[in-house]
Amino acid sequence: MSVIVVLIGASLLVAGGFLIAYLWAVKSGQYDDKYTPSIRILFDDKKNPENK
Amino acid sequence: MITTEEKSVNVKTECYHCGDNCPTEDIRIDDKFFCCNGCKTVYEILNANNLCNYYDIEAKPGISRKADIKRNYDFLDDNDFKKSLIDFSDGQTTTVTFYIPGIHCSSCIWVLESLNRLNAGIKFSQADFLKKNVAIRFSEKETSIKEIVTLLDSIGYEPSLNAEDKPLDDSGAANKKLYYKIGIAGFCFGNIMLLSFPEYLSISDVDNDNIKYIFGYLNLLLSLPVMFYSSSIYFISAWKGLRNKIFNIDVPVSLGIFVLFTRSAIEILFQSGAGYFDSLSGLVFFLLLGRLFQNKTYETLNFERNYKSYFPVAVTIRKNGIETTIPLDKVETGNRIIIKNGELIPGDSVLIKGVANIDYSFVTGESALIPKKIGDVIYAGGRQAGGVIEVETIKKVSQSYLTQLWNSKAFAKKYDSPIDSLVDRISKHFTFAILLIGFVAGVIWLPDLSTAMNAFTAVLIVACPCALALSTPFTLGNSLRIMGRNNLYIKNTSVIEKLSGVDSIVFDKTGTITESGSDVFDFIGSELMHDDLMLIKSLVRNSTHPLSQKIFASISESQIFDTLNYSEIPGRGIEGTINGKSVKAGSSDFVGLAENENHTNDTSSKVFVNIDGEVRGYFTMGNKYREGLKNIVSSLSKDYELTMLSGDNESEKSRLENLFPQNANLLFKQSPFDKLIFIQSLQAKGKNILMLGDGLNDAGALKQSDVGISVTENINMFSPASDGILEAQQFNKLKDFIKFSKDSKNIIIVSFLISFIYNLVGLGFAVNGSLSPIIAAILMPISSISIVIFTTLSTNFLARRRGL
């Protein structure tokens, strides 16, 4: 039963990893503008310039 | 005779770039027509750089270049100025953020993020649609700020370079911090709850008691970031309040958190219990979520009031020589606006034509008139006193700025809001009451020290002041939004409360209960020649009075002259000098008619006219009352005392007596001052007065009354003395609005009651000494969330029931 301590430790590590990822996302500005990305996904990426 | 030169553009050709009508079909490339060379140039720039996808994303996405002026950006070479624009620079790469008010669609975003194809020195650009910003990173060696700004200007997206141009405030930064705190609190909350499961399920492992202690210490560790980082805002706010001897909402909250933490820590360290760390972290987590929700609601409110809500002020603009009225939020920089006597300058502008004497009392509180020369800048919020002027806007109109001015102390009325003071009193007493109850509860159990401590701290934990903090702002904020959607634009939330306490209603006549639609009317007197009509039309053009507008609309002569020495005396008349002749229009004594000429037995309003010293006669117009007026006033009279004040003579008395119910008070020949005195006399009798006026000659009375609402049609007559602006079309909803404000007040009171019940239940458990962690953890967030849901749903429900 005392193995549960090891398991708890492991789960805390994993959860902590997710927390760090979340904090990093907030810091790098992912949540600053929640509206414009919704417009951006509708743009087409043109690799080769089209000739009109 | 129809000549062949007449361009009959029967099928209206629209500009491929901006969508405006093309006056001629000469400006074109292949099969694409443009309204002006400016638009054509932008198309050429985009085409040359393979950016024509711009036109695919949205049709006619461009901004019209017709009113474009050549701008000089040499000042951008100045280093000091550049510094003020730059976000970051290391000498090689520099980042700048520009505010571009012209952003209005997805194509704009697309082209602004493709700037690197127009200028190779731009390495990266990112646009923010809501904030209308674009952040540009460029290489100092390859290009400069001046080049970038010139480029932006050339494609129609010139940046606004004023330092004060921040449309949406920096709520982003505040929310970011909140996101950090919520993330950490949530992480700790989840894990602590997990680790508390054995405690909940009362599992005791006979073999390994150590596990309990290990979990306990882990909980303690996990709660540290919650205590010292996530809940720091509450502690700081409570501390600041206490330093100023104010007991704000955060004091009991901080107290509760502190007690929770200390007691739980003691329990763990002395191994006397499991502690309440799950309640602590849960409490902080939900409190922060509530705060985030509150911030979002305020932002939505502000956003709506800035961009979506109906600020019922319309401005007259001149485009291609034609004057039209457009709503305030459609005004763009570069528009030519016609401002009449008394009208507000909606956005910073440059004076183009006319004699300007600006009254800045709206902004500074000083009513001294400031004369302006052609070319001078006139700031938003100023009002013109004098003849008509034409200005060109140099800055986008900010409804929030105007609302801010409106809310300034200069126009605040001395009136204590009962609800606010109720909340204040409750907050003050709340902490003391809770401490008292806790103390008493502890003392009761006193022989048994541990239960005594238990009870005392439990009381502090469970007592929740959330209703106080949440119900008023949420309810009133929601009501404000609902009223705004129904075109009653209210200054701020305390007005709603005042509106609910009104018991007497005063109506102004002209412009409020009468419509300003053009009526059939006659001119009685010596016949007016073509020249005379032109003079009269030029004179009345300067005035926003409904009668002036009717006369203006009915004279078909199209030539208008400039008026010199224009002056308008409210309640009496207008005068000015046109083409060397003095022209007067107004009441009979104003134009100099002798008193013994009897004109009192008619049923219409009269406007006398005096040209060059000779009284020529008068215009008569029928008063057209608003549709449904009789029904509205009869249903209102059941609950409110009604009065009607009019500046006109008694000619309309019989008609009005038919429309208004028996007990209504009808007073005539009221000067603006008389109206003010009347309001004061009613107030001296202890009445709460709602006054409806048009803001012209009853501004003083509007200000004096408890709630003053301007009823407006399509004009720019915005009186800062009023508390709200009602669109004339919604006049028949007046009773619903008043009843709804009463509903809002009731909702707040009910939510206080609900919170009271929650507290009773919780305190019951606490005083009993039987407050288990689960109950504490559940009760608090549930009460907060339920209050928010309740107030939001019930305001919406009651609004719908009132037909709003």
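Note that these values count all heavy atoms, side chains included, but never hydrogens, waters or copies made by symmetry. Below, chain A is the first sequence line, B the second, and so on; all start at residue 1.
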(message) Less than 4.5 Å apart, side chain to side chain, heavy atoms only: is that true for B/Arg117 and B/Leu51?
(response)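 Yes; the side chains approach each other to less than 4.5 Å.
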(request) Kindly indicate whether the side chain of B/Gln126, heavy atoms from C-beta on, has any atom under 4.5 Å from the side chain of B/Glu113. (result)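 B/Gln126 reaches B/Glu113 side chain to side chain.
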(request) Kindly compute the distance separating NZ (B/Lys181) from CD1 (B/Ile233), expressed to the nearest 0.5 Å. (result)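 So the gap between those two atoms works out to 5.0 Å.
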Side chain, backbone, both or neither of [X] within contact of chain A (heavy atoms, under 4.5 Å):
X	value
B/Leu195	side chain
B/Leu218	side chain
B/Asn191	side chain
B/Phe187	side chain
B/Ile214	side chain

(message) If I compare all heavy atoms of B/Lys132 with all of B/Ile103, which pair ends up nearest, and what's the gap?
(response)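 Nearest heavy atoms, B/Lys132 then B/Ile103: NZ-O, 3.0 Å.
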(request) Grab the two heavy atoms, one from B/Gly216 and one from B/Ile268, that are nearest each other, plus how far apart they are. (result)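 Between these two residues, the closest heavy atoms are CA-CD1, 3.7 Å.
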Using non-hydrogen atoms only, which part of [X] is less than 4.5 Å away from chain B: side chain, backbone, both, or neither?
X	answer
A/Ile8	side chain
A/Leu42	neither
A/Val5	side chain

(request) Tabulate, in ascending numerical order, the residues of residues 34-41 of chain A having at least one heavy atom closer than 4.5 Å to a heavy atom of chain B, or enter 'none'. (result)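 Within residues 34-41 of chain A, the residues under 4.5 Å from chain B are A/Lys34, A/Tyr35, A/Thr36, A/Ile39, A/Arg40.
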(message) Non-hydrogen contacts under 4.5 angstrom with chain B: give the residues of residues 9-18 of chain A involved, or none if there are none.
(response)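 The list, in residue order, reads A/Leu12, A/Ala15, A/Gly16.
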(message) Quick check on the structure: residues of residues 223-231 of chain B within a heavy-atom distance below 4.5 Å of chain A, by number.
(response)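 Checking residues 223-231 of chain B against chain A gives no residue, so none.
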(message) List the residues meeting side chain to side chain donor-acceptor pair (under 3.5 Å) with B/Tyr16, not counting sequence neighbours, and say none if there are none.
(response)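 Testing B/Tyr16 for side chain to side chain donor-acceptor pair (under 3.5 Å), a comparison that skips the adjacent residues, returns none.
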(message) Students often mix this up, so state it plainly: with edges at 30° and 60°, are the rings of B/His17 and B/Tyr55 parallel, tilted or perpendicular?
(response)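 Ring orientation, 0 to 90° scale: perpendicular.
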